[in-house]
Every structure is written in structure tokens, then in C-alpha cells.
Protein chains: 2
Amino acid sequence: MATRTAAQRREEARFAYDAFLRECPTNQLLGRLGDKWISLIVSALRDGPMRYSDLGRRIAGVSQKMLTQSLRSLERDGLVTRTVTPSVPVRVDYELTELGHSLSDLLFAVKTWAETHFDQVHEARERYDEEAAA
Amino acid sequence: MATRTAAQRREEARFAYDAFLRECPTNQLLGRLGDKWISLIVSALRDGPMRYSDLGRRIAGVSQKMLTQSLRSLERDGLVTRTVTPSVPVRVDYELTELGHSLSDLLFAVKTWAETHFDQVHEARERYDEEAAA
DNA sequence: CGGCATCCAACCGGATACTG
DNA sequence: CAGTATCCGGTTGGATGCCG
């Protein structure tokens, strides 16, 4: 007699599979990189360091929460450095690392694609929606 | 006497701003493109058409819901074509359009970056977390 | 085979208030 | 200035069941 039923074995397999997926490194990282704010921040930092508040102003529509959170994750992943100048008031600069720069070219390209091809996408959408209505 | 109070005017300005952001075309599109599944699907379709079920098998961890939803949005945006062959059982093929191909190179590059630089990112994370613990 | 509809838990992200 | 902390509504996305 087996120590585990078929159902149990299936459960275990499913659990291991799920765990793999959750850990699956590249997919997770890919999700991060695709993040709207991440792309915009990295693109903004392409031509030099920026202060926290400058980033907030440059990237229209970002909340402090998202800005801080995104910057933290970028720092953690070694894509940007955070430099605090203990003046009064405090000054914090963010700058792309070399690793960050290698990625920024790619994300910037995607951002540029979105801007230059938006017309075509928009037309495609109208055509699609029109057919759906008919 | 003004027909609107300052508060009202502020409200209206805020509303207009929000509306702009919601409509802000490129940001919205950028968010879509960055989507985890979108990247994986477009990358998978790079080397030729694929059937629905093949995509589901190739892209580990995607649910039918997400697969269908992503494919619909890609079709709507004119990035992929959907071809139904009314055999029994039905056969549906998805293929990148020319527009889709132009994007696929970029997204594939990002996906590749994630795969090749994951080690560095992972190391950076460990260093960051270690410092935080201290 | 290739979906669509529904339910529901989990997470995301904005608003607000407060701090060194 | 550059955050942190908390609340909470909206969206995401997996699970399930049914259909042509």
C-alpha cells in the first residue's frame, strides 16, 4: 500500500509547480521591468542623475508612494544608486548604475516605440471596435 | 461675485488633469506593453504562427483567462492576427503582424536582458537585504 | 479545441496625514 | 525636501463550470 494517495501526489506536484512559478526568476523580473513607472523612471534617468522631487515633476501622474516604491525596488535590484546629501533641507539624488544603463536603452526603445506607433495602434483599435459593433 | 468658488475651480482642474492622465495615450500603451504575459506571448510568436493551445503550453503558468485576454488585446491593437479554421475540432492560429514584429524585437530584447542579467540583479538584492538586516 | 461567464481573494495603487 | 504610515476602493487574475 502506498504511503500517499494519487490525489495527495497530485497535490504535491501542483504545489511544487506553483512554487516554481512563484520563484521563476526571469518571469518575476520581467514583470517588474515591464512596470509602467519603472520604465518611465529609468527613461527619465537616462540623461543624468535626478533629485527625488525632479523625478516626481518629470513623470506626470506618479504618486509619491509609487515613486518611492519603484525607486526602492530599482535600488534593491542594483539598477540605480541613491545618494543622500545631508544638507538642510536634505537632498537625495538618484542615478543609473552601469547595469541600469544597459537596461535603460532597451526600455527607452520600448517607450519610443509606444510613442511613435501609437497612431497605428489607435487606428487598429478603432477598426476592431467598429467591427465588433457591427 | 464669481460663479465658481476657488475650491470648485480646483476641483475642475483636478478632474481635467485626471482625465488627461487616464487618456494619456502613450503611458497607457506602455503599461500594456510591459505586461508580463504580453511580452511572453509576443516573444513566443516571434518565430512563426502558433495555435492557442500551443501558446498555453509554451508559456508556463498562464491561465486561459489571461492568455485569451492578452491575445484579444494584442489583436485589437493590431499586433497579432487571429485565424479560425472551421474544422472539427476548431483550430485557431495566432500570428504577429508587421507592426507586431517591429515590437517583438524590442520586447524580446528586454526578455533576454532579464534572463542574462538575472544573476547580477539577484546578487544586488542579496547585498541590499543583507545591509538592511544589519 | 478554443473559448466565455461568474465568483472571489489578493494585490495594487491613490489619498491623506504625519515626520526628521 | 524626502520620505513613512495607514486606510481603502478598484482592479487583477486564478479557479471553476459551461458551451459551440
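Below, read A as the first sequence line, B as the second, and so on, with proteins coming before strands; counting in each chain starts at 1.
In this model, the phosphate group of D/dC1 is not approached by any side-chain N or O of A/Arg51 to a distance below 4.0 Å at OP1 or OP2. An OP1 or OP2 oxygen of D/dG3 is reached within less than 4.0 angstrom by a side-chain nitrogen or oxygen of A/Tyr94. One finds no side-chain N or O of A/Ser63 lying less than 4.0 angstrom from the OP1 or OP2 phosphate oxygen of C/dG13. An OP1 or OP2 oxygen of D/dG3 is reached within less than 4.0 angstrom by no side-chain nitrogen or oxygen of A/Thr68. Between A/Arg82 and D/dA2 there is no side-chain N or O to OP1 or OP2 distance below 4.0 Å.
C/dG3 atom C1' lies 15 Å from atom CG of B/Asp93, rounded to whole Å. Look at CG on B/Leu67: it is 11 Å from P on D/dG14, rounded to the nearest Å. A/Arg91 places its CZ atom 16 Å from the C1' atom of D/dG3, with the value rounded to the nearest Å. When the C1' atom of C/dA5 is taken as reference, atom CD of B/Gln69 falls 13 Å away, rounded to whole Å. Rounded to whole Å, the distance from CG on A/Leu71 to P on D/dG3 is 7 Å. A straight line from NZ of B/Lys36 to P of D/dG14 spans 7 Å, rounded to a whole angstrom. Counting to the nearest Å, the P atom of D/dG3 and the CE atom of A/Met66 are 14 Å from each other. Between B/Trp37 atom CH2 and D/dT12 atom P the separation is 15 Å, expressed in whole Å.
Of the listed nucleotides (C/dC4, C/dG2, D/dA2), C/dG2 has the atom at the smallest distance from the side chain of B/Val92. Across C/dG2, C/dC1, C/dA17, the shortest atom-to-atom separation from the side chain of B/Pro89 is found for C/dC1. When each of D/dG14, C/dA15, D/dG20 is scored by its nearest atom to the side-chain atoms of B/Val90, the top-ranked nucleotide is D/dG20.
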Inset, instruction - Start with the C-alpha distance between B/Tyr94 and B/Thr83, add both sets of side-chain angles, then the distance that settles side chain to side chain donor-acceptor pair (under 3.5 Å), and finish with yes or no. - result: CA-CA 6 Å; B/Tyr94 291 92; B/Thr83 312; over 6 Å; no
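Listed for the A/Thr97 side chain is a donor-acceptor partner under 3.5 Å among the backbone atoms of A/Leu79.
Under 4.0 Å is where a charged nitrogen must lie from a carboxylate oxygen, and between B/Asp35 and B/Arg32 no such pair does.
Within 6.0 Å of NE2 in A/His122 there are 12 or fewer heavy atoms belonging to other residues, nucleotides or ligands.
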Donor-acceptor contacts, no H, no angles, side chain residues 126-134 of chain B, under 3.5 Å, sequence neighbours left out:
unit_1   : atom_1 : unit_2  : atom_2 : d
B/Asp129 : OD1    : A/Arg76 : NH1    : 2.9
B/Asp129 : OD2    : A/Arg76 : NH1    : 2.5

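Checking B/Asp54 against B/Lys65, the closest nucleotide of DNA chain C that is more toward the 5' end is the one next to B/Asp54.
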